[in-house]
Amino acid sequence: MVHVPELDESERDQLLADHPEWSLARDGKAIERTFQFGNFSEAWGFMSRVALNAERLDHHPEWFNVYAKVEITLTTHDAGAHGGLSQRDIKMVRAIDSLV
Ligand SMILES: C[C@H](O)[C@H](O)[C@H]1CNC2=NC(N)=NC(=O)C2=N1
């Protein structure tokens, strides 16, 4: 397991400024966003596109879906002592936001 550098405070602030729909979770070790679609089919289509990006970037979401709602949490297991935010999360946030 290769250790991944954790974002510093200014990089974290920049990430939130660039993606205001996302908010920090887990004491700043993760970032999350809720997506609301019109129906389950739209939500599942979105999840399929996220899944393809997750494989491409080798960075996978923790997520929760109920009908048209999708909640996504991103963190890097190999960053920090017990997980944290890294450049991998920034790339994935960008990829996800480009889908909606
Ligand atoms: C072995 C594999 O590359 C790693 O376990 C990857 C896979 N997907 C991942 N996804 C996320 N969200 N965080 C990780 O640290 C992570 N690590």
Side-chain angles (χ1 to χ4, degrees):
M1 162 176 129
V2 180
H3 191 261
V4 179
E6 202 171 1
L7 298 184
D8 65 29
E9 203 181 329
S10 75
E11 290 171 319
R12 237 172 34 186
D13 289 347
Q14 190 63 51
L15 172 60
L16 292 169
D18 291 343
H19 300 275
E21 303 90 350
W22 293 77
S23 44
L24 294 180
R26 297 182 198 161
D27 221 10
K29 303 291 183 197
I31 191 166
E32 64 185 14
R33 178 175 173 184
T34 298
F35 299 84
Q36 187 67 52
F37 296 94
N39 54 50
F40 178 73
S41 181
E42 287 176 22
W44 188 258
F46 167 73
M47 292 173 77
S48 302
R49 290 185 285 277
V50 170
L52 292 174
N53 277 276
E55 284 289 86
R56 179 173 60 84
L57 297 172
D58 190 28
H59 201 64
H60 302 82
E62 298 175 33
W63 51 13
F64 180 76
N65 161 240
V66 177
Y67 186 54
K69 182 176 81 176
V70 180
E71 296 171 4
I72 294 184
T73 303
L74 297 174
T75 188
T76 301
H77 311 135
D78 299 343
H82 307 282
L85 290 171
S86 76
Q87 291 292 335
R88 296 181 187 182
D89 298 297
I90 296 181
K91 280 194 185 138
M92 195 58 187
V93 164
R94 286 192 186 132
I96 292 170
D97 277 4
S98 76
L99 297 173
V100 289

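Small disclaimer: the values here were computed from a predicted structure and weren't measured. Indexing begins at 1, ligand by ligand and atom by atom, following the structure's order.
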Novice: Considering heavy atoms of the protein only, find what lies nearest to atom 15 (O) of ligand 1 and give residue, atom and distance to 0.1 Å.
Specialist: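 For atom 15 (O) of ligand 1, the nearest protein heavy atom is His77 N, 2.8 Å.
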Novice: For atom 1 (C) of ligand 1, what's the nearest protein heavy-atom neighbour? Residue, atom name and distance, please.
Specialist: Asp58 OD2, 4.8 Å
Novice: Tell me, yes or no, whether the heavy-atom count around Trp63 atom CH2, taken from other residues, nucleotides or ligands under 6.0 Å, exceeds 12.
Specialist: yes
Novice: What I want to find out is whether Asp18 reaches Arg94 closely enough, with some N-O distance under 4.0 Å, to be called a salt bridge.
Specialist: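 Result for this pair is no, no salt bridge flagged.
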Novice: Looking at Glu32 and Arg26, does any basic side-chain N land under 4.0 Å from a carboxylate oxygen?
Specialist: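 Arg26 and Glu32: not salt-bridged.
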Novice: Please confirm whether His60 comes within less than 3.5 Å of ligand 1 when only nitrogen or oxygen atoms on both sides are compared.
Specialist: yes
Novice: Check whether any heavy atom of Thr76 sits under 4.0 Å from an atom of ligand 1.
Specialist: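 For ligand 1, residue contact (heavy atoms, under 4.0 Å) with Thr76 is present.
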Novice: Does CG in Asp27 sit with more than 12 non-hydrogen atoms of other residues, nucleotides or ligands closer than 6.0 Å?
Specialist: no
Novice: Protein non-hydrogen atoms only, distance under 4.0 Å: does atom 5 (O) of ligand 1 have such a neighbour?
Specialist: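 Neighbour list for atom 5 (O) of ligand 1 is empty of protein heavy atoms (cut-off 4.0 Å).
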Novice: Would you sort out whether Arg88 and Asp58 count as a salt bridge (Lys or Arg N to Asp or Glu O under 4.0 Å), showing the intermediate values?
Specialist: CA-CA 9 Å; Arg88 296 181 187 182; Asp58 190 28; 5.7 Å; no
Novice: With backbone taken as N, CA, C and O and side chain as the heavy atoms from C-beta onward, which portion of Thr75 lies under 4.0 Å from ligand 1: side chain, backbone, both, or neither?
Specialist: backbone
